[in-house]
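We number each residue from 1, following the sequence as shown.
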Amino acid sequence: MPAKYFICPSEEKVLISQCLLQCPQKHRCMFLPTLRAIAKSVNRNLNKPSITELLTGTRDQYLKKVTDYAINPQDQLYALHGTAIHTINEHHTQGNILSEERLFTAITSGQFDLYSGILSHEDRTLGDLKITLSYMLIKA
């Protein structure tokens, strides 16, 4: 099951569909297009578990498959940023580069980020994009 609720800054749980129609608070916590993108990103529509899901806790993934759960949209911004970087790379692959290809087996699926000419025109490199956040401490 995809996430069914957003957790508002007030800690109130609200149906995602209801939030997207009409914010229950006085002011939205985020822009509506951002909330729509977050709602879409948590609904992956995969029938089989992905390799990434299998790397996380079994109990956590099982509960997400069988119960409705809530997410804080603020906590999803980092993942949304990572998805955007993947999309940028995917839209700039030409020639012999494969990007964001999903492969399936009888029990699972996995998707690689980049393969083939990602370092030069002749290489056969498998690329895995990881997005990190750096903080700089500035003393006044």
Side-chain angles (χ1 to χ4, degrees):
M1 294 182 165
K4 189 169 183 176
Y5 303 94
F6 278 154
I7 302 171
C8 295
S10 66
E11 299 297 319
E12 177 186 355
K13 290 182 185 177
V14 61
L15 285 170
I16 292 174
S17 58
Q18 184 60 39
C19 171
L20 297 177
L21 283 175
Q22 178 68 42
C23 178
Q25 308 299 315
K26 187 175 180 180
H27 300 287
R28 283 198 178 275
C29 61
M30 288 185 193
F31 293 134
L32 186 54
T34 306
L35 290 167
R36 287 178 182 149
I38 291 168
K40 184 177 179 183
S41 73
V42 296
N43 187 359
R44 297 183 49 184
N45 291 321
L46 293 175
N47 295 335
K48 300 175 184 179
S50 72
I51 298 300
T52 303
E53 289 173 334
L54 293 175
L55 293 173
T56 62
T58 306
R59 189 175 299 159
D60 182 49
Q61 286 303 316
Y62 172 76
L63 289 172
K64 284 182 176 180
K65 297 284 185 191
V66 299
T67 60
D68 296 333
Y69 63 98
I71 59 168
N72 182 332
Q74 299 286 333
D75 295 341
Q76 300 300 313
L77 290 176
Y78 195 58
L80 198 60
H81 174 75
T83 300
I85 298 299
H86 280 253
T87 301
I88 289 168
N89 275 274
E90 182 178 13
H91 286 110
H92 290 87
T93 56
Q94 294 89 21
N96 65 341
I97 300 174
L98 295 175
S99 177
E100 304 297 336
E101 295 287 332
R102 181 158 297 279
L103 306 173
F104 295 90
T105 69
I107 58 171
T108 190
S109 72
Q111 183 168 308
F112 60 84
D113 299 336
L114 297 165
Y115 175 71
S116 197
I118 62 175
L119 298 175
S120 71
H121 293 293
E122 298 82 31
D123 74 275
R124 293 182 186 270
T125 302
L126 181 62
D128 187 30
L129 297 168
K130 296 294 179 209
I131 312 307
T132 62
L133 183 60
S134 301
Y135 291 98
M136 183 186 322
L137 178 62
I138 300 173
K139 286 190 175 186

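Interatomic distance, Leu129 CG to His86 NE2, rounded to the nearest 0.5 Å: 4.5 Å. The structure places CZ of Arg36 at 14.5 Å from OG of Ser41, a figure rounded to the nearest 0.5 Å. To the nearest 0.5 Å, the span separating CZ on Phe112 from OG on Ser99 amounts to 8.0 Å. Separating the CD atom in Glu53 from the CG atom in Leu46 is a distance of 6.5 Å, to the nearest 0.5 Å. Taking OG1 of Thr93 as the start and CG of Asp113 as the end, the distance is 12.0 Å to the nearest 0.5 Å. Atom CD of Gln25 is separated from atom OG of Ser10 by 3.5 Å, given to the nearest 0.5 angstrom.
Between His81 and Tyr78, the angle of the ring planes stays under 30°, which puts this pair in the parallel group of the 30/60° scheme.
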- [ ] Kindly determine whether Ile7 and Asp75 satisfy side chain to side chain contact (heavy atoms under 4.5 Å, CB included), including the steps that lead there.
- [x] CA-CA 10 Å; Ile7 302 171; Asp75 295 341; over 6 Å; no

Open item on the list: Working note: Tyr5 + Leu15, criterion side chain to side chain contact (heavy atoms under 4.5 Å, CB included); need CA distance, chi angles, decisive distance, verdict.
Closed with: CA-CA 4 Å; Tyr5 303 94; Leu15 285 170; 3.5 Å; yes

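Grouping the Ile, Leu, Val, Met, Phe, Trp and Tyr side chains by contacts below 4.5 angstrom, directly or via other members, places Leu77 with Ile71. No chain of hydrophobic side-chain contacts below 4.5 Å, direct or via other Ile, Leu, Val, Met, Phe, Trp or Tyr residues, connects Ile51 to Leu126. When hydrophobic clusters are built by joining Ile, Leu, Val, Met, Phe, Trp and Tyr residues whose side-chain heavy atoms come closer than 4.5 Å, directly or via intermediates, Ile118 is not grouped with Leu98. A continuous path of hydrophobic side-chain contacts links Leu103 to Tyr115 [ILVMFWY only; heavy atoms under 4.5 Å].
Annotation: Tyr62, atom OH; neighbour count of heavy atoms from other residues, nucleotides and ligands within 6.0 Å does not exceed 12. Residue Ile107 qualifies as open at atom CD1: its count of foreign heavy atoms under 6.0 Å is 12 or below. Within 6.0 Å of the NZ atom in Lys48, the count of heavy atoms belonging to other residues, nucleotides or ligands exceeds 12.
In this structure, the side chains of Gln74 and Met30 come closer than 4.5 Å at one or more pairs of heavy atoms. The side-chain heavy atoms of Thr34 and Leu80, taken from C-beta on, include a pair separated by under 4.5 Å.
Nearest heavy atom pair, residue Leu63 against residue Thr67, reads O-OG1, 2.6 Å. Pairing each heavy atom of Ile97 with each of Gly117, the nearest pair is CD1-O, 3.1 Å. Nearest heavy atom pair, residue Gly82 against residue Ile131, reads CA-CG1, 3.6 Å. Shown here for Arg102 and Ser109, the closest heavy-atom pair between the two residues is NH1-OG, 2.9 Å. Between Ala3 and Val42, the closest heavy-atom pair is CB-CG2, 4.1 Å. Closest of all the heavy-atom pairs between His92 and Ile88 is ND1-O, 2.7 Å.
A donor-acceptor pair under 3.5 Å is formed between the side chain of Thr108 and the backbone N or O of Pro49.
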